[in-house]
Number of protein chains: 2
Amino acid sequence: MRKISDSTVRRLSVYLRFLEQTKTPTISSRELARLGGTTSAQVRKDLSFFGSFGKRGLGYAVPELTRRIRDILGLERGYRVVLVGAGRMGGALVQYQGFKQRGFHITAIYDHDARKIGSRWNGLVVRDVTHLENDLKKDPSDIAIVATPAESAQQVVDRLVRSGVKAILNFAPVPLNVPADVEVKTVNMALELETLSYSLANR
Amino acid sequence: MRKISDSTVRRLSVYLRFLEQTKTPTISSRELARLGGTTSAQVRKDLSFFGSFGKRGLGYAVPELTRRIRDILGLERGYRVVLVGAGRMGGALVQYQGFKQRGFHITAIYDHDARKIGSRWNGLVVRDVTHLENDLKKDPSDIAIVATPAESAQQVVDRLVRSGVKAILNFAPVPLNVPADVEVKTVNMALELETLSYSLANR
DNA sequence: TTCTGTGAATAGGTTCACAGCT
DNA sequence: AGCTGTGAACCTATTCACAGAA
């Protein structure tokens, strides 16, 4: 498949969110653009990479387009997700409704702090991170969320990679080294604040 | 000032993080690139937008470059930050050490849930969100973090904008409408997982 | 020789504008 | 007439490649 840009994929996600809330049977690229904060040409271009889903003069059939985008994004299947790091951030993520709604199910939580191991979090018992490889051998996961301190993130990621995890969402503020066939997204909140600082400083 | 791309600003943030950990007195664009996961030409280009900080044949003086980047990013001053939304995510953010380390000080927390108002969070008392405008009139903040449910985010943002906040870090999964002179960064975690899902589905 | 700073070349993403279907 | 699908034009970001300073 032709290489699709990250920005296109992110916009598809945004369109999907609005399509799921749309009550009309059809929607135009213009309206979808307005909702998603982009242009109608951009919407049409984004969709055109994957096919011709609209009807000229009419727009897009909402249920069909919804299904198509879910399919493109790979959301028709559900995902088992393991969480490593039972700190504050981990706690917030386990609770976060947005994940479950979209078919991402957190199936296990790991930490190495003895005080946390064994405690119950949202119905899941926090397990010792040393069990990670064995557990994943029995019950593989495609996706892991890393919410550990910066110091331990890389070593956790090495374990995850060895265990066959192919996609990692990283909240630790360090870039992670992974083989080419593993995808990492790092969310670095301090960095986001710094871009805001930059925009305040340069106006 | 000439328009600088968001990606350049983000990379400067990354370089800064590594410069602060570097022990050698000078560093080359090549080394900085290796650490930050980019190319040496990119590093030099990024820096060249702001001046000539290096010495040919030698590299960059670490303390000077650190200072320069902190200055470019506007990090030499500290920021007062208000947090709206005392849920799980808000809790994680209040605790997050990365903010304070970089000079972002959370000075107040707001919520509208009566059960949360008055409780103490990391030394701060959660205040009723209806006090927001008045409080900000007395003690202005440049930056706000919004960690409310999607439904209330826009109305909170409207209050913030009226109160003179110029930069918003948004964790609610909705695009926000703000005037052109207000900067918004939205961090949408479900969307990040969806880009991972896409990459798993299309390999 | 090493490594920066920077124009020039290339690649990539966005917008334009219009032919063509409904 | 209304709105999609898409090549072409445009604009922006990245990479190349080399002159020049240490």
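Chain A is the first sequence line, chain B the second, and so forth, proteins listed ahead of strands; every chain is numbered from 1.
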Quick one: bend of the helix from C/dT1-D/dA22 to C/dT22-D/dA1 from 5 pairs per end, to 10°? 0°

N/O donor-acceptor pair under 3.5 Å between B/D111 side chain and B/A86 backbone: yes

By salt bridge (Lys or Arg N to Asp or Glu O under 4.0 Å), A/E64 pairs with (sequence neighbours left out) A/R68

Taking atom C1' of D/dG2 as reference, at what distance in whole Å does atom CD1 of A/I27 sit? 16 Å

Sequence neighbours excluded, which residues qualify as salt bridge (Lys or Arg N to Asp or Glu O under 4.0 Å) partners of A/R34? A/E31

For B/R203, does the CZ atom sit with more than 12 other heavy atoms under 6.0 Å from it, leaving out its own atoms? yes

Side-chain donor/acceptor pairs under 3.5 Å, residues 176-185 of chain B, sequence neighbours excluded:
from, atom 1, to, atom 2, distance (Å)
B/D181, OD2, B/K166, NZ, 2.9
B/K185, NZ, B/D6, OD1, 3.2

Which pair of non-hydrogen atoms, one from B/V82 and one from B/S141, has the smallest distance, and what is that distance? CG1-OG, 3.5 Å

Quick test of your reading: applying salt bridge (charged side-chain N to carboxylate O under 4.0 Å, His left out), list the pairs with at least one residue in residues 72-88 of chain A, sequence neighbours left out, ordered by first then second residue. A/R70-A/E76, A/R77-A/D142

Taking DNA chain C as the partner, which of residues 32-48 of chain B come within under 4.0 angstrom of it by heavy atom? B/R44, B/K45, B/S48

How close do B/G87 and B/K116 get, heavy atom to heavy atom, and via which atoms? CA-NZ, 4.1 Å

Euclidean distance, atom CZ of residue B/R30 to atom C1' of C/dT2 [Å, nearest integer]: 11 Å

Using heavy atoms and a sub-4.0 Å distance, could you list which residues of residues 62-69 of chain A are near DNA chain D? By number, please. none

Quick one: is D/dT14 close enough that its OP1 or OP2 comes under 4.0 Å of any side-chain N or O from B/S7? yes

Among C/dG5, D/dT14, D/dC3, which is the nearest nucleotide to the side chain of A/S28? D/dC3

If only atom types and distance count, is the side chain of B/T66 paired as donor or acceptor with the main-chain N or O of B/V62 below 3.5 Å? yes

On DNA chain C, nearest-nucleotide positions of A/D6 versus B/Y60: which is more 5'? B/Y60

Beyond-backbone contact of A/L193 with B/F99, side-chain heavy atoms, under 4.5 angstrom: yes

Rounded interatomic separation in angstrom, taking CD from A/E31 and P from D/dT4: 11 Å

Tabulate protein N/O versus nucleotide N/O from nucleotides 19-22 of chain D, keeping only pairs under 3.5 Å, one per line.
from, atom 1, to, atom 2, distance (Å)
D/dG20, N3, B/R56, NH1, 3.4
D/dA22, O4', B/R56, O, 2.9

Nucleotide N/O of nucleotides 9-12 of chain C paired with protein N/O under 3.5 Å:
none

What pairs with B/D46 under salt bridge (Lys or Arg N to Asp or Glu O under 4.0 Å), at least two apart in sequence or on another chain? B/R11

Respond yes when some side-chain nitrogen or oxygen of A/S29 is under 4.0 Å from OP1 or OP2 of D/dT4, and no when none is. yes

Kindly write out the residues that satisfy salt bridge (Lys or Arg N to Asp or Glu O under 4.0 Å) with A/E133, not counting sequence neighbours, or none if the list is empty. A/R159, A/R162

Could you state the CZ-C1' distance from A/F53 to C/dC21, rounded to the nearest angstrom? 18 Å

With a 4.0 Å cut-off, would you call A/R10 and B/E192 a salt bridge? yes

Does the pair A/T186 and A/N188 meet the rule for a side chain to side chain donor-acceptor pair (under 3.5 Å), with working shown? CA-CA 6 Å; A/T186 293; A/N188 183 332; over 6 Å; no

What residues, two or more places apart in sequence or in another chain, satisfy ring pair (Phe, Tyr, Trp, His ring centres under 6.0 Å) together with A/Y60? none

May I ask you to decide if the ring planes of A/F104 and A/Y79 are parallel, tilted or perpendicular, using 30° and 60° as cut-offs? parallel

